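A quick note: this is a predicted structure, and the numbers were derived from the prediction, not measured. The figures here come from the full heavy-atom set of this structure, side chains too, leaving out hydrogens, waters and symmetry mates.
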Amino acid sequence: MVNIILLGPPGAGKGTQARKLVEERNMVQLSTGDMLREAQSSGTEMGKRVAEVMSRGELVTDEIVIGLIEEKLVGDSAGGFIFDGFPRTLPQADALGRLLARMGQRLDAVVEMRVDDAALVARITGRFTCGNCGEVYHDQTKPTAVEGTCDVCGSHDLRRRADDNADSLKQRLMEYYKKTSPLIGYYYALGDLFSVDGLGEIDAVAGEVAAILDQDRG
Ligand code: AP5
């Protein structure tokens, strides 16, 4: 069992790689972005506040996201947990360390996905996802085999995210560099950091991630 964090800017490919790991290694994906989008669709007051913050491309409060992770982080997962989009601030990283310690578990690797900012714009503006099963596509790099139909589940509910526009992306990148990128140094100092070239093809990136996961950890 291996617990990992996928760390990288918006559009780096965290969700794409997490879904492959779930399929191939029976790991459990914990995406705070997906949890927050679920909260939005619940229509509660909290959901409405979260929707406003996310559409501006800002980070939701540490208190809310730590609470969401705490709720999901129960019991054992056969293949381990993939933290996708969490932690994003130093207080979130500290909280995750405490939660794992309380469960008698450890973090095995933090995988930093490196992608140029210019490539991120193309990734984000071309992205669409299946509203039914969550499969992630791209107009150019990963189109559906049949236009308008999800390859995985056959649904026609293909969606674009409200925050996938140039203005939100600028703010999301700013948040990443100001609040999340310090985690690279934090995990380097803890000895948990590994980097992959996120600009490669999806399967090539997956190969690099697999090599990290398969390292002998004693
Ligand atoms: P979140 O949903 O986590 O979004 P994000 O971090 O901005 O990341 P994305 O989902 O945009 O990108 P990704 O890296 O998963 O890339 P993907 O695989 O889709 O967060 C959204 C918002 O929620 C935040 O802005 C914030 O408001 C809030 N939030 C979430 N977590 C929070 C937290 N912990 N604290 C506070 N607030 C939080 O790939 C992108 C595209 O590229 C796809 O089209 C894909 O097909 C394509 N692609 C992927 N890999 C490749 C490749 N190797 N080659 C070519 N194309 C590729």
L107 vs L100, side chain to side chain contact (heavy atoms under 4.5 Å, CB included): CA-CA, chis, key distance, verdict: CA-CA 7 Å; L107 188 62; L100 287 172; 4.1 Å; yes
Backbone N/O of H156 and side chain of T149: donor-acceptor pair under 3.5 Å: no
D116 side chain vs A118 backbone, donor-acceptor pair below 3.5 Å: no
Check: D164 side chain, T125 main-chain N or O, donor-acceptor pair, under 3.5 Å: no
Distance-minimising heavy-atom pair for I66 and P91: CD1-O, 4.2 Å
Which atom of L173 lies closest to which atom of P9, heavy atoms considered: CD2-CB, 4.2 Å
Point-to-point distance, once rounded to the nearest 0.5 Å, from CZ of R37 to OG1 of T32: 8.5 Å
ILVMFWY network linking V115 to L7, side-chain heavy atoms under 4.5 angstrom: yes
Minimum-distance pair of heavy atoms, taken over all atoms of G198 and R123: O-NH2, 2.8 Å
Trace of the side chain to side chain contact (heavy atoms under 4.5 Å, CB included) decision for E112 with V110: CA-CA 6 Å; E112 178 203 3; V110 176; 5.8 Å; no
Donor-acceptor side-chain pairing of Y176 and D117 below 3.5 angstrom: no
Any donor-acceptor N/O pair, S41 side chain to E38 backbone, under 3.5 Å: yes
Hydrophobic cluster membership, V53 vs F86, 4.5 Å side-chain cutoff: yes
Same cluster (ILVMFWY, side-chain, under 4.5 Å), L99 and V2: no
Salt bridge present between D203 and K20 (N-O < 4.0 angstrom): yes
Heavy-atom side-chain contact between I69 and V65 under 4.5 Å: no
Hydrophobic cluster membership, Y177 vs I124, 4.5 Å side-chain cutoff: yes
Inter-residue atom distance Q92.CD - L183.CG, 0.5 Å rounding: 8.0 Å
Test item: M27 and M1 side chains (from C-beta on) under 4.5 Å apart, heavy atoms: no
Flag for T144-D151: side-chain donor and acceptor within less than 3.5 Å: no
Q105 side chain vs G80 backbone, donor-acceptor pair below 3.5 Å: no
Reported CD-to-CG distance for the pair E147 and L158, which is rounded to 0.5 angstrom: 9.5 Å
Minimum side-chain heavy-atom gap V136-R127 below 4.5 Å: yes
Value rounded to 0.5 Å, distance of CD in E58 from OG in S168: 9.5 Å
Verdict with reasoning, I5 to L96, per side chain to side chain contact (heavy atoms under 4.5 Å, CB included): CA-CA 10 Å; I5 294 173; L96 178 60; 3.8 Å; yes
Flag if over 12 foreign heavy atoms under 6.0 Å of CE, M46: yes
Check: A122 main-chain N/O paired with H138 side-chain donor or acceptor under 3.5 Å: yes
Donor-acceptor pair, side chain of R160 and main chain of F128, under 3.5 angstrom: no
Side chain proximity check, C150 to C133, heavy atoms < 4.5 angstrom: yes
E70 vs R102 side-chain heavy atoms within contact, under 4.5 Å: yes
pair M174-K170: side-chain heavy atoms closer than 4.5 Å: no
Shortest non-hydrogen separation from V205 to M113 and the atoms involved: CG1-CE, 3.9 Å
Main-chain N/O of E23 paired with N26 side-chain donor or acceptor, under 3.5 Å: no
Closest contact, heavy atoms only, R172 versus P10: NH2-CB, 3.6 Å
Transitive ILVMFWY side-chain link M35 to F83, under 4.5 Å: yes
Value rounded to 0.5 Å, distance of CG in L6 from CD1 in I4: 4.5 Å
D94 vs Y186, side-chain hydrogen bond (donor to acceptor under 3.5 Å, both in side chains): CA-CA, chis, key distance, verdict: CA-CA 10 Å; D94 284 337; Y186 173 99; 2.7 Å; yes
Derivation of the side chain to side chain contact (heavy atoms under 4.5 Å, CB included) call for D84 and L30: CA-CA 6 Å; D84 163 9; L30 295 179; over 6 Å; no
pair T129-E135: side-chain heavy atoms closer than 4.5 Å: no
Pairwise side-chain contact, L21 with L213, heavy-atom cut-off 4.5 Å (strictly under): yes
E52 CD to Q40 CD distance, which is reported to the nearest 0.5 Å: 10.0 Å
